[in-house]
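Have a look at the structure below, then the notes.
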Amino acid sequence: MNLDSSIQNYNNEGLGTHQRRLEFIKNDVQIPSDLIQKLKDFQIAIPSWALGTGGTRFGRFSGGGEPGTLEEKIADVGLLHRLNKSSGAISLHIPWDIPSDANAIKKLAADHGLAFDAVNSNTFQDQANQALSYKFGSLQHTDKSVRKQAIDHNIEVIKHGVDLGSKSITVWLSDGSCFPGQLNFRRAYERTVESLKEIYAALPSDWKLFLEYKAYEPNFYSTTVGDWGQSYSMVNKLGDKAFTLVDLGHHLPNANIEQIVSILLMEGKLGGFHFNDSKYGDDDLTAGSMKPYQLFLIFNELVDGMDAKGMNHASDLGWMIDASHNVKDPLEDLLQSVEAIQIAYAQALLVDRKALEAAREANDVVRCQEILQNVFRTDVRALVAQARLELGGVLNPVEFYRSAEIRKQLIQHRGSKTVATGL
Ligand code: RM4
Ligand code: MN
Ligand code: MN
């Protein structure tokens, strides 16, 4: 049986239950008339580096049927999108995934209904036959020729992106230092800004540059773009097309990420997201698996802040997943992440903002908490499923993926010992 007809059969079987759940929430909660459409418009890009089983520095336990080529990675994202209709873009990491024939790759992606989201540069590893090493940094390096090599790489990545129709580049630097005294902080900062300016100068007029920050790892004493303040001050020096990117796993423990998001958005310098979840550090776990309330609070600020500026939720920020899967089937994990993000977004759309503002103005702390937590405790999964259904997707993607034995088919097709490039 082909995929389309098995999806049809599966949806038909689940339709009664789904409709009952949908009626329940419709009777229970005041649903904004445009909520389903907003959910339908909201697409979350899948990282090309997260389609295989990731590893840690202690080992890697690869699963079977992993994509061995960029073409297979696109097929995997196409499959995710076929199931959830909300993963309509792929974000490439260069040089892990360099298209040999950009037009052919672009066409293949389009056949799957996929666009190319931000391209990502990599100056945190040395590649085979690379002339100079990034051991002591890239854009911050003491040696001008290393900085130049890193700048040239970023410009190369932009070119690949242009060929594919991407509109943004994400720069994440591991630059920093491992020991006190190793680095002149001011010089490292200035060199980084100077290098970024050269990359920025190569940006096409309709492109954005996202500068991602991270508190620590792989450097353990200082990171040159270590927090949102450092990123923010740098992107301000670059210009209107430069923004800060928030990766949820890149903060020191207990950071108030929703407040960071709110302020960056207000300042017009929030560019986009790398969604994941964590308990300790940059754990790169499934979005919403550890701190779903935090994810909701972030979306609450996003909806509030974007509406205040009249922004388009779907297209004015970059929505990307950045995750790694050590013990799960990567495709199941990505389906779970997308669903968790949609749930948080749907809940944020349900918040009664007038009532919340009134309660805030009256310093009614209890009422403020009630408003947010009532929404957070509302089961909105039927709304998310309804949006998916209207787009022709699957009622429950993970359940369908399992019942259709998709991983088994991928293993039959690609073999049980395949290792994807990426994390
Ligand atoms: C970093 C950061 C970047 C990602 C690399 C692989 O921690 O999150 O976004 O490209 O990992
Ligand atoms: Mn990231
Ligand atoms: Mn990370």
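In each ligand, atom 1 is the first atom listed, and ligand 1 is the first ligand listed.
- Inclusion of Asp247 in the set of residues having an N or O under 3.5 Å from an N or O of ligand 1 is warranted.
- Interatomic distance, Gln347 CD to Thr378 OG1, rounded to the nearest 0.5 Å: 7.0 Å.
- Taking the ring axis of Tyr232 as reference, the NZ or CZ atom of Lys269 does not stay both within 45° of it and closer than 6.0 Å to the ring centre.
- Inside a sphere of radius 2.8 Å centred on the Mn ion (ligand 2), the protein N/O/S atoms present are Glu212 OE2, Asp247 OD2, His274 ND1, Asp322 OD2.
- Taking any N or O of Asp322, backbone or side chain, at least one lies under 3.5 Å from an N or O belonging to ligand 1.
- Atoms of ligand 1 lying under 4.0 Å from any heavy atom of His274, numbered from 1 in the order shown and given with element: 9 (O).
- Residue contacts with ligand 1 for Asp282 involve side-chain atoms from C-beta outward but no N, CA, C or O (heavy atoms, distance under 4.0 Å).
- Put simply, CG on Leu209 and CG on Asp240 are 13.0 Å apart, with the number rounded to the nearest 0.5 Å.
- Counting the atoms of ligand 1 from 1 in the order shown, those under 4.0 Å from a heavy atom of His250 are 2 (C), 7 (O), 8 (O).
- The N/O atoms of His93, backbone and side chain alike, include one that comes under 3.5 Å of an N/O atom in ligand 1.
- Defined by atom type and a distance below 3.5 Å, a donor-acceptor pair is present between the side-chain atoms of Asp143 and Ser145.
- Of the residues His251, Gln230, His250, the one that meets the side-chain hydrogen bond (donor to acceptor under 3.5 Å, both in side chains) test with Tyr213 is His251.
- The shortest non-hydrogen separation linking Arg147 to Gln140 is CD-C, 4.2 Å.
- Heavy atoms of Glu217 found under 4.0 angstrom from ligand 1: none, in either backbone or side chain.
- Residue-ligand proximity: Asn120 is placed with every non-hydrogen atom at 4.0 Å or more from ligand 1.
- Side-chain atoms of Tyr189 and Ser233 include a donor-acceptor pair closer than 3.5 Å.
- Side chain to side chain, Glu66 and Thr53 meet the donor-acceptor criterion of an N or O pair below 3.5 Å.
- The heavy-atom pair separating Ile7 from Gly393 by the smallest distance is CG2-O, 4.2 Å.
- With no hydrogens or angles considered, no side-chain donor-acceptor pair links Asn219 and Ser177 at under 3.5 Å.
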